[in-house]
Every structure is written in C-alpha cells, then in structure tokens.
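Here's the structure we're looking at; comments come further down.
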Amino acid sequence: MPDLSINFAGIKSPNPFWLASAPPTNSGYQIMKAFDAGWGGAVWKTLGVPVVNVSSRYGGVNYRDKRLVGFNNIELISDRPLADNLREIEEVKKRFPNHAVIASLMVQSRQEWHDIVRQSQDAGADGFELNFGCPHGMCERGMGSAVGQEPKVLQMIVEWVMEVAQKPVIVKLTPNISDITEPARAARRAGADAISLINTIQSIVGVDLDNFAAYPIVDGKSTNGGYCGPAVKPIALNMVKNCAQHPDVRLPISGIGGIETWRDAVEHILLGASSVQVCTAAMHYGFGIIREMTSGLEQYMVDKGFNTIYDFVGKALPNVTHWEDLNMKYKVTANIHEEKCIGCQLCYTACEDGAHQAIRLNAGTRVPEIIEENCVGCNLCSLVCPVEQCITMDRTDPGTEHLTWKERVEAGTAPTEFNDEKAGGRHHWVPEPSAALGKERHKTLPGKARVLNGETEIPAEA
Amino acid sequence: MAEFSTPTTEHEFAENFAQLKPLMNNTEALYESSRCLFCFDAPCIKACPSGIDIPLFIRQINSGNTTGAARTIYDANYFGNACGKVCPTEVLCEGACVYNLQDMKPIEIGRLQSHATRSVIDANKHLYKAGAPNGRKVAIIGAGPAGISAACELRALGYVVDVFEAKSHPSGLTLYGVAPYKITNEETLAEMNYLQEQFGYSVFYNHPISSRQDLENLEKTYDAIFLGIGLGQTNALRLPGEERDNVVGAVEFIEQLRMRKQGTPVGRKVVVLGGGNTAMDAASESSRLGAEHVVLAYRRGKEEMGAYEFEYDLAKGVGVQGLFNVAPVEILGNGKVEGVRFVRTVTTGDKVSTVPGSEFVEPCDMVIKATGQAKQAGFLSMIPGLKLDDKGRIITNAETGQTTNPQYFASGDARNGGAEVVNAAAEAKATARAIHAFLSK
Ligand SMILES: Cc1cc2nc3c(=O)[nH]c(=O)nc-3n(C[C@H](O)[C@H](O)[C@H](O)COP(=O)(O)OP(=O)(O)OC[C@H]3O[C@@H](n4cnc5c(N)ncnc54)[C@H](O)[C@@H]3O)c2cc1C
Ligand SMILES: Cc1cc2nc3c(=O)[nH]c(=O)nc-3n(C[C@H](O)[C@H](O)[C@H](O)COP(=O)(O)O)c2cc1C
Ligand code: SF4
Ligand code: SF4
Ligand code: SF4
C-alpha cells in the first residue's frame with residue numbers, strides 16, 4: 001500500500017487532500033464531517049474582523065448541460081465572531097489530532113496580525129495561511145489581492161507574522177498578477193515556510209440578458225467576483241509550474257485551482273505541488289468526493305510504483321521547458337482509423353476552416369481522408385473527433401534529428417525578415433483565396449432546406 | 001390474456017394510448033441537445049424528406065433560442081410539430097444519426113423538434129404572416145398535410161387561398177389515420193389553428209369537391225388548383241363473406257377510433273389482414289382497445305412485410321400475434337363474422353403459392369382489412385387532361401408538381417402513392433413555390 005501521508009513544511013496530514021479556505025470550512029461541524037469522510041486537512045474559512053455578506057453571492061458558468069464548469073463568488077471572509085471559530089478549532093484538533101487544521105488569516109495592522117496569529121496558535125492550529133488573494137470586496141479595503149499584488153507590502157506583512165508565528169506559515173497568492181513568481185519570491189524573502197496558489201481570478205461569469213446586470217445580482221446591481229472551478233485549472237497549473245521552477249522560490253507549494261478528481265490532483269503534484277486544496281468540487285458534490293480522490297491517487301501510485309507522494313512531486317517539471325528548446329524536427333501526422341470513424345466530419349470542417357486544409361472528403365464515403373503532405377500536425381482534428389482513439393497523431397519523422405529554435409537562431413538559419421525564404425509557412429500549400437467562394441455553401445446551408453426556402457437553383461451535391 | 005382493459009373513460013383511453021414520444025421538458029431538451037455533435041454536412045438532414053436543418057435547430061434549443069429553433073423547423077416544414085411526433089424517425093433522421101455507428105442511442109430528433117414547436121404553439125408565438133397580396137387566387141382540394149402546407153406557403157407568397165375539405169377538420173390522415181399513441185387530436189389541431197391564425201387561408205369544411213360542375217367552378221375562379229386529396233377508402237378484398245358484420249376496413253376503423261376514442265367497438269378476438277404499417281397500427285390499436293386476442297395474418301413471411309420493423313415490434317409489444325404465410329379464403333359467419341378460413345402459402349422468390357389441403361379456420365369476432373387504400377381514380381378522371389400512372393398516382397413534373405393539366409398541381413399521397421406526413425408537407429411546399437414560379441411567368 002502506498003503511503004499517502006505528507007509533511008508539508010512541517011504540517012502533517014494523513015493524505016494530501018485539504019479543503020481550501022472557503023464555505024466548506026466555515027465551521028467545526030463541517031470540518032469534522034469532512035475529516036470523518038476522509039479529508040486529510042482543512043484550511044479554516046479566513047479569520048479576521050468578521051464581515052457582513054450580501055445575498056445573492058455566487059454565479060456559475062455552465063457548458064451545455066454541464067453545470068458549474070466555472071464558478072464565482074462575491075463572498076468575503078468569515079462572518080462569525082473570532083472566538084466562536086477559535087473554540088471550534090480547538091474542538092476539532094482535540095478530536096482529530098493527526099489531521100491538519102490550518103488557520104487562514106486576513107487582518108490589517110501589525111498589531112492585529114500579531115494578535116490573531118497568537119490566538120489561533122493557542123487554539124491549536126497546525127499552521128497559518130495568509131490570505132493575500134481575495135480579488136473582490138476585501139481588496140477594496142486594502143486587504144486580500146491588494147496585498148498579493150504588491151510584493152513589498154506582502155513581504156512586510158509576512159515579516160510581521162514571522163515575528164510571532166511558531167507554526168508553519170503559508171502565503172496564499174493571487175493569480176491576478178502578471179508574474180506569479182514576484183509575490184512568491186517576496187514571500188520567500190520574508191521567511192515564509194510555503195506558498196499556496198491560486199486564489200480566485202477576477203471575473204464576471206455572465207450577464208443577465210433581460211435585466212442587463214452581471215451575475216450574481218444583488219438588487220439589480222453586481223460586482224466582479226472571484227473565478228474558480230474546473231475552468232481555472234489550466235491557469236493554476238501554469239502558475240504552480242512557474243513557482244516550482246523558479247530558482248528563487250524553492251518553497252513547498254500547496255496546489256489549488258480546479259481540482260475535482262484524483263487526476264487533477266496528480267497533475268498539480270507532477271508540476272510541483274505537495275499538497276492540494278479543493279473548494280468548488282466540495283461545494284458542488286459534498287465531502288463524499290474524497291473517496292474517489294484517495295482511491296484514484298492510491299491506484300495511480302500502485303500502477304506507477306510510487307511509495308510516497310514525494311516520489312512524484314514535480315516529476316513533470318523537467319519536461320516543461322521554453323518554446324525555444326522544443327525539437328523542431330519532431331513531426332506528428334494525423335491518422336484516421338477508418339473502422340472507428342462515425343462520419344461526423346467535424347475533423348474535416350475543423351481542419352478546413354480552422355487549420356490547414358489538410359483533410360479531404362471523398363465521394364461515396366463519409367470517412368474523411370488526411371492529406372498527409374498538408375498536415376502540419378497541429379492536433380486539432382484529433383481534439384474535435386468525438387470517438388475515442390479514432391484520430392491518432394502518429395510520429396512521422398525518423399526520430400534521428402534534433403534542432404531547436406535556439407539552435408537555429410545561433411546557427412543563423414531562423415527567419416529574420418518580413419519576406420524571409422526561411423519562413424515556416426513558405427513551403428506549405430495554401431489554396432487560392434477565390435477558391436473559397438461558393439465552396440460548400442450547400443453544406444453549411446443545407447441543400448434541401450435552402451431550395452425549399454426559395455432558392456430555386458438546386459445546389460450540386462459534392 | 002388481454003394486455004389492456006377496455007377503456008371506458010377519456011382518461012383510460014389516454015392511458016392505453018399513452019404518447020410514444022411525450023413532450024420533453026426544458027431540462028431533458030437541454031441534456032439531449034447537448035449530446036448532438038453538430039456534424040458537418042449532417043447525415044440526419046439528408047435523411048429528412050423536408051431537409052430540416054437539424055443540427056441548427058438543436059443548437060438553437062441548446063443555446064436557449066427555442067423560438068429560433070421552431071422557426072428553423074417551420075421554415076422547412078409546416079407540419080413541424082406533427083412530424084416530430086409521427087415521423088418514422090427510426091428510418092429517417094434518427095436512423096441516419098452518426099451515433100448509430102457507435103451503437104449508441106441516436107439523438108432524439110423527433111422529440112427535440114416537437115419540444116421546439118410546442119413552445120411556440122403553446123405560447124401562440126407567431127413567426128409568420130401572409131405576404132403582400134399579389135392579386136391571384138389558388139384553390140386547394142383537401143386540407144391534409146399536403147393541402148395545408150401548400151396553403152401556408154402560397155399565403156406567404158401573397159395568394160388568396162381557399163381550401164375545400166370533405167371532412168369537418170383539417171390535417172387529413174394526421175387526424176383521421178395516424179395512431180393515437182403517436183399524436184393526440186388536440187395536439188394535431190392546435191398546430192392547425194396556429195398555422196391558420198398566422199397565414200389566414202380560408203378552409204371550407206364539409207365541402208367535398210365531387211362533380212365536374214364543382215371543378216369547373218374552381219377552374220373559372222382560380223388561377224391554379226392544388227390537389228392534396230390523398231388516397232381513398234380501404235381496398236376491397238373480393239372474398240366471399242366480406243360483407244358480414246364486423247368486417248371493417250383499417251382506415252375506416254382508425255378514423256372511428258380517432259373520432260370516437262373509447263366509444264369505438266372492438267371484437268374480443270380480432271384478425272387483422274395485412275403486413276403494412278397500417279396493419280400494425282390497427283392490430284396495436286385493437287389490443288389497446290381491450291381486444292383479448294389479436295392476430296396479424298399476412299400472406300407472406302415475416303421478413304417480407306412492408307411494415308417497418310419497429311412498427312411490428314410495437315405491435316408485438318402489446319401482445320399482437322403474428323400468423324405468417326397464410327391467405328384468407330373466406331370470411332365465415334352467420335350475419336356476424338365468426339372466423340376466417342385461411343390457406344397456408346409458400347413464398348418462392350417473388351411468387352406466393354397456396355399449399356393444397358392446408359386450409360384451417362381461425363375463429364374471431366372481428367376482421368380488420370388493412371389491405372391498402374384505393375386511389376381516387378374516379379374523381380381524378382373528371383379533370384380533363386389529367387393523367388395517372390399504372391399505379392393510379394397522379395403524373396407530375398418531378399420538380400414542380402405540375403400535372404398534365406397545367407392548371408392543376410398535386411402533392412402528397414395522391415401523387416407519391418402513399419408515403420408519410422413529412423413527404424406530403426415537403427412536396428407541397430416545393431409545389432407551392434413552383435405554382436408561384438408558373439403564375440409569375
Ligand atoms: C392508418 C395510417 C397510419 C398512418 N400513420 C402515419 C404515421 O404514423 N406517420 C406518418 O408520417 N404518416 C402516417 N400515415 C401516412 C400519412 O398520414 C399520409 O402520408 C399523409 O397524411 C398524406 O397527406 P395528404 O395531404 O397527401 O393526404 P391526406 O392526409 O389523406 O389528406 C387528404 C385530405 O383531402 C380530403 N379530400 C380528399 N378528397 C377530397 C375531395 N374530393 N374534396 C375535398 N376534400 C377531399 C380528405 O378528406 C383529407 O382530409 C398513415 C396513414 C395511414 C392510412
Ligand atoms: C491557436 C490560437 C492562436 C492564437 N493566436 C493569437 C494571435 O496570434 N494573436 C492574438 O491576439 N491572439 C491569439 N490567440 C488568442 C485568441 O485571439 C483569444 O484571445 C483567446 O483564444 C481567447 O478567446 P476564446 O476563449 O474564445 O478562445 C490565439 C488563440 C488560439 C487558440
Ligand atoms: S493535425 Fe491539424 S493540420 Fe493535420 S489534419 Fe489534423 S487539423 Fe489538419
Ligand atoms: S471527427 Fe472522427 S469520427 Fe468524425 S469524421 Fe473525423 S475521424 Fe470520423
Ligand atoms: S447526425 Fe446526430 S449528432 Fe450529427 S448533427 Fe444530426 S442529430 Fe446531431
């Protein structure tokens with residue numbers, strides 16, 4: 001049996017799955033329930049001077065019939081008195097001494113920071129997470145992302161905290177910034193023990209077309225929210241990777257953003273996270289999802305022969321490089337497995353209109369054909385094909401050559417002028433612009449419907 | 001054992017004849033429309049005789065533009081709602097859906113279609129209006145799918161349109177012939193009202209055109225005459241005993257069923273003669289009316305039946321028993337029918353021959369003849385110059401629907417020999433445009 005436990009910057013936890021500081025960690029009741037269900041740790045809903053929230057608070061992004069592929073909120077930090085939260089932290093720690101309970105904090109003055117760190121320490125918290133991330137509401141009051149976006153201020157506040165903290169300090173970063181490693185490096189300089197990322201992304205998830213207001217609506221008005229859920233995972237993964245690779249960060253990373261399944265968690269871990277935090281998925285499906293997450297992670301580790309999480313933390317990092325270091329001699333070509341094809345022709349229209357006109361249709365069959373010499377190996381057709389493994393991207397170069405852009409620049413074989421002979425597209429076949437006119441009009445505007453709608457000329461079927 | 005008890009109330013009737021394709025609610029429509037792949041040059045469109053842009057209307061439903069979806073449907077087919085419910089989609093659009101090639105359930109195109117059209121019908125949301133008057137008039141004989149579709153299109157083009165209908169309601173066999181578990185009378189007529197309110201053609205009910213004089217009047221008054229008269233009564237079998245009580249034609253039996261519902265008399269043991277879709281319908285319907293035993297007797301083998309496989313499955317599903325390779329010889333009884341004398345047959349190639357000495361009697365108290373509808377040759381012979389082919393179908397120009405008498409145009413069952421509602425609707429729409437082109441010359 002692989003060992004799922006972690007020691008994250010000194011915070012021990014039976015598994016790497018923590019609930020992120022958010023509504024699921026609002027109370028001792030919820031956190032006990034989560035630990036009972038199998039979660040390894042919880043970052044308490046951010047403590048500070050209690051707030052007053054508005055109604056309504058959340059907005060969602062649906063994709064066709066899939067609910068909440070993205071989620072946003074305009075909620076603030078905890079609205080419960082500090083004493084209530086601290087009492088419950090103590091109760092949870094007593095009942096679950098081996099689980100991680102981390103106090104998320106957000107206050108303003110040095111004195112407040114000192115007070116709240118000391119008090120949560122006394123309540124038994126295993127560590128602190130400094131919330132420099134909220135991109136709505138709190139930032140208007142000079143906290144949250146207003147701090148996360150100012151590395152100097154961030155560094156100063158972390159230094160205040162380090163003056164009194166006796167437990168590990170994690171700095172939670174906001175993604176609403178162009179270079180995530182700047183605040184990460186500031187946290188490191190100030191002596192923080194770890195970072196966690198990402199907090200939510202400033203967003204508007206949608207607009208009410210009838211009432212002309214963005215969601216969520218509060219009495220006819222709205223404000224930007226913070227975006228999270230499955231849709232933000234790619235942004236989170238990139239930022240985790242950036243921090244993990246930067247030589248001046250070198251801090252344990254708690255990965256957050258779009259984690260819903262064991263796969264999402266493993267991706268975060270492979271790019272450098274050594275604990276992961278979950279909010280939206282728990283808000284959507286409840287604490288029960290932890291069963292799938294731990295079992296999937298365990299199975300993955302068994303299949304790969306990993307004994308501990310640390311066997312694969314950051315394992316994908318060496319393979320994420322700069323564009324200029326990629327091998328330009330590598331070539332894949334699309335390959336349609338005819339026996340699997342159902343003839344939807346999505347690959348055809350995608351390549352024809354959105355890529356390189358490298359797929360043709362032939363009379364008498366709905367199975368499209370790849371024109372190998374036109375295929376640039378972009379993957380598009382294989383991404384749109386609805387059938388598993390129907391279009392594969394197969395390697396077609398001999399695999400013997402290796403040449404990067406950097407090497408080409410150094411060798412002087414890179415294009416440098418506007419009309420350079422060395423341009424990549426110089427030798428690709430491109431159809432004459434006018435060949436497009438009228439082509440397939442009868443297919444994009446279906447034939448019979450058009451005739452019946454009054455166009456007298458019956459279009460030729462290809 | 002009867003599968004169904006005899007319905008005695010409207011409610012029981014509705015239960016026995018529960019809709020095969022019930023209305024989709026918004027959530028189901030969202031989920032189902034989400035499954036559509038939005039194929040390029042989609043095969044489902046090509047399989048639709050009216051060429052509805054199916055992926056477009058499904059995408060419109062999916063993006064919350066249900067009204068736009070209804071317009072896409074009606075732009076191609078004025079019987080959009082009826083077709084969603086009564087089309088044999090298994091052999092048309094849904095049969096062509098690419099999902100079938102992965103052995104997955106095809107998109108429920110028919111139900112999505114009705115979902116969209118019902119949303120505008122139920123809200124009485126108008127999408128069309130008559131075109132600016134062009135000063136010309138067209139008479140339409142028959143208010144079936146063909147006649148009504150032509151009326152809508154001609155009104156949109158600015159014609160004065162008068163429809164003459166022998167019966168008291170519009171929509172032809174959609175109301176009088178299609179099985180009640182496919183569409184209810186209320187739903188059929190709601191679409192007819194919805195169309196008439198928008199296009200404003202006049203329909204003269206209980207107004208058969210039956211004499212040369214009637215036709216002459218029309219010829220004088222109207223610039224063109226559209227024939228949407230469908231087919232006639234059930235063909236006679238020419239069997240001894242055919243005149244006995246309780247020997248009925250399927251078309252007549254079904255018409256009674258649609259009009260009188262639970263008040264339709266049915267035997268306890270019913271023999272249905274025939275192997276086409278109408279035979280399957282009549283058998284299913286007898287069973288749902290509470291007949292204890294329904295036998296479907298066909299001259300040839302099961303595989304040779306003209307009926308769609310899913311229609312036979314439907315009949316089997318309600319307890320109908322198939323009796324194959326038997327030919328009726330005589331209908332027995334004493335005033336009332338008491339049985340059918342059959343002889344067994346063998347099919348060799350195309351030929352059916354009887355097996356001597358193999359006669360037997362199948363006792364029953366009702367016989368339904370589903371042996372095809374006669375053509376309206378008698379009526380059509382009153383139109384000068386109008387020619388029929390050897391199967392009694394009106395000969396027309398394939399593109400324009402113009403008959404051999406240039407003032408007359410035709411579409412629907414009378415022209416194609418008997419197909420589906422969708423064929424009649426599609427043909428008639430195109431023919432209406434051809435009438436316009438002809439009269440605009
Ligand atoms: C039992 C049965 C079940 C069917 N089930 C289905 C089904 O499930 N799905 C499907 O798509 N199709 C079905 N069909 C076929 C479908 O109903 C027809 O193809 C379609 O109705 C043909 O339309 P039409 O307008 O050509 O003719 P009809 O629907 O027959 O309409 C003709 C109209 O003209 C009127 N008329 C005829 N002569 C005159 C006259 N001289 N003067 C005035 N009026 C006249 C008639 O009263 C009638 O109203 C079924 C047919 C039958 C018989
Ligand atoms: C393959 C690809 C190439 C792109 N190239 C450019 C580009 O050359 N210039 C540019 O301004 N944006 C480029 N973009 C960004 C898009 O214009 C757009 O801002 C982005 O994809 C977000 O829109 P979406 O969510 O609709 O995809 C590119 C996007 C894609 C997918
Ligand atoms: S990989 Fe790209 S270029 Fe090649 S066939 Fe597919 S879509 Fe076209
Ligand atoms: S996308 Fe896939 S299934 Fe569809 S036509 Fe292309 S290869 Fe066939
Ligand atoms: S064939 Fe099926 S999946 Fe493709 S567009 Fe038509 S309904 Fe949608």
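In this text the structure is predicted, and so the values were computed from the model without any measurement. Chain naming here is simple, since letters A, B, ... match the order of the sequence lines and numbering starts at 1 in each.
With sequence neighbours left out, A:Y285 forms a ring-ring contact (aromatic ring centres under 6.0 Å, His included) with no residue at all.
More than 12 heavy atoms of other residues, nucleotides or ligands sit less than 6.0 Å from atom CZ of A:R395. Heavy-atom contacts from other residues, nucleotides or ligands closer than 6.0 Å to CG of A:N362 number more than 12.
Taking non-hydrogen atoms and a 4.5 Å limit, the residue list of residues 332-346 of chain A in contact with chain B, ordered by number, reads A:I342, A:G343, A:C344, A:Q345, A:L346. Contact annotation for residues 103-125 of chain B against chain A (heavy-atom separation below 4.5 Å): no residues qualify.
In this structure, the portion of B:C36 lying under 4.5 Å from any heavy atom of chain A is its backbone and not its side chain. The contact between B:P43 and chain A is made by backbone and side chain atoms together, counting heavy-atom distances below 4.5 Å.
How far CG of A:D65 is from OG1 of B:T27: 10.5 Å, rounded to the nearest 0.5 Å. A distance of 5.0 Å separates NZ in B:K46 from CZ in A:R366, rounded to the nearest 0.5 Å.
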Dump the intermediate steps for side-chain contact (heavy atoms from CB on, under 4.5 Å) on B:F40 and A:L361, then the final yes or no.
CA-CA 11 Å; B:F40 177 75; A:L361 299 178; 4.1 Å; yes
Show, in sequence, the C-alpha distance, side-chain angles and deciding distance for A:R64 and B:Y31, and conclude whether the side-chain contact (heavy atoms from CB on, under 4.5 Å) test is met.
CA-CA 8 Å; A:R64 295 199 196 160; B:Y31 277 65; over 6 Å; no
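Judged as a salt bridge (Lys or Arg N to Asp or Glu O under 4.0 Å), the pairs with a partner in residues 78-91 of chain B (not counting sequence neighbours) are, in order, B:K85-B:E187.
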